[in-house]
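Take a look at the structure set out below.
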Amino acid sequence: HSFRSVEDPAKPKFYCLSMFPYPSGKLHMGHVRNYTIGDVLTRYHRMRGFNVLQPMGWDAFGLPAENAAMANRVPPAKWTYDNIAYMKGQLQSLGFALDWTRELATCRPDYYQWNQWLFTRLFKKGLAYKKTGVVNWDPVDQTVLANEQVIEGRGWRTGALVEKREIPMYFLRITAYAEELLAALDGLPGWPEQVKLMQKNWIGRSEGVRIGFPYQLENEERVLWVFTTRADTLMGATFMAVAAEHPIAVFAAKRDKNIAAFVDECKRGPAMEAELAQIEKKGMPTGMFVNHPLSGEKLPVWVGNYVLMGYGEGAVMGVPAHDERDFAFALKYRLPIKPVIRHPLGERTDPPWKPEYAEYGACINSGPYDGLDYEKAVNAIAADLSRKKLGEKQVQWRLRDWGISRQRYWGTPIPIVHCAACGDVAVPDEQLPVRLPEDVVPDGTGNPLNKLASFTDTKCPACGKPAKRETDTMDTFVDSSWYFARFCSPGQSNAMADERANYWMPVDQYIGGIEHAILHLLYSRFFQRVMRDETGLMQKVAEPFTNLLTQGMVLAESYYTDAGGRREWINPANVEVVRDAKGNIASAKTKDGRAVIYDGIGTMSKSKNNGVDPQALIDQYGADTARFYIIFASPPTNTLEWSDESVEGSYRFLKRVWTFALRFSKAAKSRDLDRKARFRIHAELRQANYDIQKHQFNTVASACMKILNALEDLPEWNATTEEGLSILLRLLSPITPHVAHHLWRELRFGEDIMKAPWPEPDPVALEQDEVELVVQVNGKLRGSIVVPKQADKATIETLALSNANVQRFVAGQHVKKVVVVPGRLVNLVV
RNA sequence: GCCGGAAUGGCGGAACCGGUAGACGCAGCGGACUCAAAAUCCGCCGGCCGCAAGGCCAUGAGAGUUCGAGUCUCUCUUCCGGCACCA
């Protein structure tokens, strides 16, 4: 229980959290990197006197368990619990300073019941609601597919062409918090700018005008609404485009087979936005028209495969003259292009498209709005639309509500009962949790819960009549959106969290992959606010993570052999590289002699068989070498390119520390201090302390190497050796705790290095009487001089000019200017 | 396509506020030790020119600002992450 944490208001607290792993089977190198970084910070802060909490748990629900279940006919629960047991052993063998008494797994009822509890609160308040959402549908397996399971438009198991399908789903109203989630980003100085910027763009606040285009449908007066940030171009609208699911498209499809076929084609298209954005923009006229709200002009309505029903109103206005996409669309379908803005290139918008066409400028060809600039035009148009009740200024968000329903088994059951009389009824608190049966083996066709009467058949909590349970489960992002708060309240069975969360939250340092920059982090920020508003706890905590470190991915080289036209991927551990005299890779072959082809560097993946198993590394070199290498190889935010050879270097260094320290422990000690060595050691320590606070741990590891080099350069073991070793071991201890702990005791520095104070540089050791200055002529390095520390500018200038090589470049020329940078350089401008 | 990053020797990287580019390590080359190998230790190690002193070039490409640019500004290229059901 060395790492067990207890609330202690007398000490400053430091809650250090690494993103919890999905228990996929065994640790991968990304995990080892993530948790090593977290452990360095944890141990560093402990030595600095903080009350530190570093917990660990399991993000245990998810798709891979169901895939494994299908492959091995083992229930996802068993597979998951077995993986957890194995991976926990691996984490322990790496020596992470984790408080295991707080361990949690999201697939346990005592965890997920609070997902359910919070959901019912939100449901009753309207912050969780039901509407349709789009999913990938495999028509053969009759099942919903995850994006990952769609390979080139086809189902991964059946090969069937995947269809889009609209089904009822539950959504969380994250948009209700859009304003706050956006504004609060400014109050997060401990987050990387790039992450805040990505979140800002994702939330996507835009100011514009909602515009109504009246039309008739089956003798009924209706209005087609669109949102635009370019209301100033309204007079240039020449067509409208609607999504395939829009009522106008649905109506048109009913009367025209061709339109029906096109609408069908649009619906079959990709559901993923990334793909949707890259498909060829296609459209078809619906034969329907709307009236321009200001000019009354008739505008044709098209169905467009690029218009999303789930975003905004499911319709856009087409202004070909001033929008690149509309311009291409208009050219393709010979729609009119009507310039209404004077842009930097003039008043015409002839093909090809030029970016200037989209710039702001004064209105032209716009009747009463001619001559108005962007702001005035938007104001005038919005005012005129408002009078006609056909528009108003509006703030629009790119952020959409969060659809949490999954048509899968291995997740938190959504606590809703469907009653013929009462509708959707939230399961009351006393009936929670709605337990997920753990002995089910899915077969890939639909959700197995649908086939389990023992699960589905229940009574309506409101009227008591027979009713059916909802069988959808929750998105696993729900589980991971509040686990950090649960870690603070282990054993609490009456609430999500308790007052202990007030002590520990917010997380002081959160560490995880950059790939989570948007979704997981945004959902967690949302959930923290929901907990604040619904549980009465953590009233002062809106932001769950004060400081965020986004680590880079771990990459490895991949190799393949040609196996009869097919690529056989060879694990890098089984490849031998042949180098030429300069160290360049000349060729590579398998250990049994077959030629292999190098395929470049990339993420470790099963498909390319280039994963490096951390266990092999730990078995061969021990935990400290693995940890040291990972820290030393690259700064935490960079990608880390795996190299077995460099691991050897880390191992070699730790062996050198070990033998040096043990030799010293037996040696006679003189009391002399070595001034130069002390300067080197304390200068490195000063740098290391600066770097560790910047989270640049690789140079802290370098500093450890440099200190050892300085100690090895000493002619004899003296008091400086002892001082240097005590600094070295403490500096090293967060990275390689086992080696440091052992040597610390062996050298009789103390019982427990974790209880030793963090080393600070000695100002006396850092004092210097003389400094070396570099001499430049016109910014080019020409020599160096040694001057007394306090030398004035004139002395420095004289000394610089007296340098022989400097003279060669100054001779016969006029020195116009002398720049002296104290302690660094002098630049003579001639 | 949109949003966000990154690019420095053969390789990973260092260079704090714009001030000696390549610290530290890997690989490579040469040597010591050894019967031999492993391990360990010592030396060299961006490119070109030069006996040397030293010089010229060089931080993805091209421009700019500055006494001085890897670092700041603009344009471009390539690669990586995300795009709402992988986690």
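By convention in this document, chain letters (A, B, ...) are assigned in the order of the sequence lines, proteins followed by strands, and residues within each chain are numbered from 1.
- Distances shorter than 4.0 Å separate some side-chain N or O of R652(A) from OP1 or OP2 on A27(B).
- The residue T699(A) sits close only to the backbone: its heavy atoms come under 4.0 Å of sugar-phosphate atoms, none of a base.
- Pairing of G18(B), defined by two Watson-Crick or G-U wobble distances under 3.5 Å, is not identified with any nucleotide.
- Protein atom CD of Q199(A) is 17 Å distant from nucleotide atom P of C3(B), rounded to whole Å.
- Straight-line distance from the NE2 atom of H28(A) to the P atom of C86(B): 16 Å, rounded to whole Å.
- The side chain of N638(A) contributes no N or O atom lying less than 4.0 Å from OP1 or OP2 of A6(B).
- Following rounding to the nearest Å, L825(A) (CG) and U66(B) (C1') show an atom-to-atom distance of 14 Å.
- What separates CG of L197(A) from P of G4(B) is a distance of 5 Å, to the nearest Å.
- The shortest distance between the side-chain N/O atoms of R398(A) and the OP1/OP2 oxygens of A84(B) is not below 4.0 Å.
- Put simply, the side chain of R398(A) does not reach to within 4.5 Å of the side chain of R205(A), judged on heavy atoms.
- Nucleotide G25(B) is matched to C11(B) when pairs are restricted to Watson-Crick or G-U wobble geometry with both distances under 3.5 angstrom.
- A donor-acceptor pair is defined here as one N or O able to donate and one able to accept, closer than 3.5 Å; such a pair exists between the side chain of T143(A) and the backbone of G446(A).
- If you check every strand for non-hydrogen atoms under 4.0 Å, R325(A) touches nothing.
- Look at D472(A) and R406(A) and you find no salt bridge, because none of the NZ, NE, NH1 or NH2 atoms lies under 4.0 Å from a carboxylate O.
- Counting any heavy atom pair closer than 4.0 Å across all strands shown, S784(A) reaches no nucleic acid atom.
- By the 6.0 Å and 45° rule, K131(A) stacks over the aromatic ring of F171(A).
- As judged by a 4.0 angstrom heavy-atom cut-off over every strand, W402(A) is placed among residues making no nucleic acid contact.
- Residue-to-nucleotide contacts include no donor-acceptor pair under 3.5 Å from the side chain of E648(A) to the base of C26(B).
- By the rule that a glycosidic angle within 90° of 0 means syn, G62(B) does not qualify and counts as anti.
- Side-chain atoms of W482(A) and S524(A), non-hydrogen and from C-beta on, never get closer than 4.5 Å to each other.
- For C67(B), its base sits under 3.5 Å from the side chain of N827(A) at one donor and acceptor pair at least.
- Using a 4.0 Å heavy-atom cutoff across all strands shown, E641(A) reaches sugar-phosphate atoms only and no base atom.
- Here the C1' atom of nucleotide G4(B) and the NZ atom of K200(A) are 13 Å apart, to the nearest Å.
- Contacts of H516(A) with the nucleic acid, taken as non-hydrogen atoms under 4.0 Å apart, include base atoms.
- In this structure, L654(A) atom CG and A39(B) atom P are separated by 17 Å, rounded to whole Å.
- Residue contacts shown for A274(A) include a base, since a base heavy atom lies under 4.0 Å away.
- Pair assignment for A6(B): U78(B), on the basis of Watson-Crick or G-U wobble contacts that are both within less than 3.5 Å.
- Counting non-hydrogen atoms of other residues, nucleotides and ligands closer than 6.0 Å to CD of E712(A) gives a total above 12.
- With hydrogens and angles ignored, a donor-acceptor pair closer than 3.5 Å exists between the side chain of Q278(A) and the base of G1(B).
- Summarising the base pairing, A32(B) is matched to U40(B) through a Watson-Crick or G-U wobble pair whose two defining distances lie under 3.5 Å.
- One finds a side-chain N or O of N201(A) lying less than 4.0 angstrom from the OP1 or OP2 phosphate oxygen of G4(B).
- Residue F653(A) is classed as having no contact, given no heavy-atom separation below 4.0 Å to the nucleic acid.
- Using a 4.0 Å heavy-atom cutoff across all strands shown, Q776(A) reaches at least one base atom of the nucleic acid.
- In this structure G1(B) sits in a base pair with C83(B), meeting the Watson-Crick or G-U test at under 3.5 Å.
- Between K706(A) and A23(B), a side-chain N or O to OP1/OP2 separation shorter than 4.0 Å is absent.
- In this structure, L308(A) places its CG atom 12 Å from C1' of C83(B), rounding to the nearest Å.
- At a threshold of 4.0 angstrom between heavy atoms, the contacts of N709(A) are confined to the sugar-phosphate backbone, with no base atom among them.
- R782(A) comes within 4.0 angstrom of sugar-phosphate atoms only, judged by non-hydrogen atoms across all strands, and of no base.
- We find that E273(A) and R400(A) are joined by a salt bridge, their nearest charged nitrogen and carboxylate oxygen being less than 4.0 Å apart.
- Checking the phosphate oxygens (OP1, OP2) of G25(B), no side-chain nitrogen or oxygen of N698(A) falls inside 4.0 Å.
- For the OP1/OP2 pair of C57(B) and a distance below 4.0 Å, the side-chain nitrogens and oxygens of K780(A) include at least one atom meeting the criterion.
- Its glycosidic angle being within 90° of 0, C17(B) falls on the syn side.
- For the pair T476(A) and A87(B), the criterion of a side-chain N or O lying under 4.0 Å from OP1 or OP2 is met.
- Nucleic acid contact class of Y22(A) (heavy atoms, under 4.0 Å, all strands): sugar-phosphate only.
- Looking at heavy-atom distances under 4.0 Å, V829(A) makes contact with sugar-phosphate atoms alone, never a base.
- As judged by a 4.0 angstrom heavy-atom cut-off over every strand, P21(A) is placed among residues making no nucleic acid contact.
- In this structure, C72(B) forms a base pair with G64(B), meeting either the Watson-Crick or the G-U wobble geometry with both donor-acceptor distances under 3.5 Å.
- For the pair L555(A) CG and G13(B) P, the computed distance is 10 Å after rounding to whole Å.
- Around atom CZ of R824(A), no more than 12 heavy atoms belonging to other residues, nucleotides or ligands sit under 6.0 Å away.
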